[in-house]
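For reference, positions follow the sequence shown, starting with 1. One-based numbering, in listed order, for ligands and for the atoms of each.
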Amino acid sequence: MKKTHFSNRSTLAAIVVLFLLAITQAISAQTKADIESAINEAYTKYENVTEGKNADYIPALAEVDSKIFGIALITVDGTVYTKGDLTSKVSIQSISKVFTLASVINDLGPDIVASKIGVDATGMKFNNAEFVERNKGKQGNPFVNAGAIATTSMIKGADYNEKWNTIMTLMEGFAGEKLEVNQPVYESEAATNQHNQALAFLMASFESMSWDNLQTTDLYTKQCAINVNAKDLGMMAATLANGGTNPVTDKTIVSPETVAHVLSVMSTAGLYDDSGIWLYRTGVPAKSGVGGGIIAVVPGKFGIAVIAPPLDDAGNSVKAQLSIDYIIEKLGANPYLVQPR
Ligand code: GLU
């Protein structure tokens, strides 16, 4: 009698477990299908958009194939969803600023960045010098060029090579892949970056630089020339979404606290002068680069990246903005969007 009672209970427990498993599987299968269709739809919807123009103030960027269009969404459990061009690489440009900022905060803590550079939107163009002069090198942020160069000047390492190694190791940790510098882009920008050199000297005049001005500007120029495809960028975004641990290699690259600070700067200053309107529309921290990439992060859920070189007037990829906006909305992934209990 007792035995029968016991086996009835275990049968019941087994049924409950099976039932729960079936529900979980149904939910995750539905989510997978949802993600796949959101990406596919975005791709088809925007594939033929011809608005925008490649950046050309760095001569080599004007020559990049403006038809490249790749999407990668990677969840915090390491599932990779892709559509379109996954092989073409573009230079990471300003998106690299996210990772040098992460490196500096992780090594030195958040306060030094806030006090020496600032974490406020400037309302100015990304390479503007006026606000530096006006605010004496402070109250900018690590994503406009002046602040980004100053951030790179704080990278750990005794000399150029050690600092470069710190940057590369970190970027590769985020991407979970070996990365390389796009030599023509690096040389093209190094030959034309006098404005950025001037920003470094201006920042130094206000004691906001922590290392040699010209070597730092060169290091910064090189970090911007690192080549990435949509999947590399998607994984970098997914590592941020996963609190600083790469969801595929399982390696911890930076701490969750570091990521929280980095995401806040992405929210206020990630898309140049259009950072406010972007956050208003999507609710997600993002960062764009003049190479044509944009990454966006839904904390605790997924990272997404789109590469499509033609940019709008604010310097943000037209197709990348449209696609990410569409996918976030389709998946109901705006973190500010909460249904009442
Ligand atoms: N290397 C570029 C520059 O300094 C980065 C700009 C960007 O992507 O916003 O002009």
Side-chain angles (χ1 to χ4, degrees), residues 52-64 68 89-101 117 121-129 131-132 140-153 155 164 167 171 179 181-203 209 213-228 232-233 236-237 265-266 268-275 278 286-296 305-318 320-321:
K53 190 167 151 298
N54 282 26
D56 56 8
Y57 76 98
I58 300 170
L61 296 186
E63 271 135 53
V64 175
I68 296 170
K89 297 201 170 208
V90 299
S91 53
I92 188 167
Q93 295 300 338
S94 254
I95 303 173
S96 67
K97 296 169 182 173
V98 169
F99 304 100
T100 43
L101 174 63
I117 298 169
T122 64
M124 303 284 213
K125 248 190 114 200
F126 70 99
N127 58 359
N128 183 277
F131 87 92
V132 181
N141 68 70
F143 292 168
V144 288
N145 284 7
I149 295 167
T151 304
T152 296
S153 79
I155 287 283
W164 177 247
I167 293 174
M171 301 264 190
L179 299 173
V181 169
N182 182 323
Q183 211 56 30
V185 169
Y186 167 54
E187 283 164 21
S188 174
E189 188 170 354
T192 53
N193 69 354
Q194 291 76 10
H195 189 88
N196 282 342
Q197 292 177 15
L199 289 175
F201 279 94
L202 193 57
M203 288 295 273
M209 287 290 286
N213 301 331
L214 288 179
Q215 287 196 74
T216 299
T217 310
D218 190 69
L219 207 52
Y220 162 83
T221 305
K222 203 164 165 185
Q223 98 193 20
C224 287
I226 292 171
N227 242 358
V228 282
D232 297 329
L233 280 183
M236 294 169 104
V265 187
M266 287 170 72
T268 53
L271 263 75
Y272 309 114
D273 286 0
D274 281 351
S275 302
W278 171 262
K287 182 73 196 89
S288 69
V290 294
I294 299 187
I295 60 169
V306 178
I307 291 179
L311 311 177
D312 64 12
D313 290 344
N316 300 307
S317 163
V318 175
Q321 287 178 86

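- Contact between Met203 and Val132 at its shortest, heavy atoms only, is SD-CG1, 3.5 Å.
- With a heavy-atom cut-off of 4.0 Å, Ser94 touches ligand 1 through backbone and side chain alike.
- Listed by number with element, the atoms of ligand 1 under 4.0 Å from a non-hydrogen atom of Val290 are 6 (C), 7 (C), 8 (O), 9 (O).
- The contact set between ligand 1 and Cys224, taken as ligand atoms under 4.0 Å from a residue heavy atom, comprises 1 (N).
- Of all protein heavy atoms, the one closest to atom 10 (O) of ligand 1 is Tyr57 OH, 2.5 Å.
- Within the structure, ligand 1 has Asn196 among the residues with a heavy atom less than 4.0 angstrom away.
- Close approach of ligand 1 to Gly289 is summarised as follows: ligand atoms under 4.0 Å from at least one heavy atom of the residue are 8 (O).
- When all heavy atoms are compared, the tightest approach of Pro142 to Leu101 is CG-CD1, 3.6 Å.
- Side-chain N/O atoms of Asn145 and Asn127 include no donor and acceptor closer than 3.5 Å.
- Side-chain contact check for Val144 versus Phe131: some heavy-atom pair is nearer than 4.5 Å.
- Given atom 2 (C) of ligand 1, the protein heavy atom at minimum distance is Gln93 OE1, 3.1 Å.
- Contacts with ligand 1 closer than 4.0 Å are made by side-chain heavy atoms of Asn145 only, the backbone lying farther away.
- Nearest to atom 9 (O) of ligand 1 by heavy atom, out of Tyr272, Phe143, Phe126, is Tyr272.
- Here the side chains of Tyr272 and Ser94 are in contact, with some heavy-atom distance below 4.5 Å.
- Within the cation-pi definition used here (under 6.0 Å to the ring centroid, within 45° of the axis), Lys222 qualifies as a partner of Tyr186.
- Asn193 pairs in a side chain to side chain donor-acceptor pair (under 3.5 Å) with only one of the listed residues (His195, Glu189, Gln197), which is Gln197.
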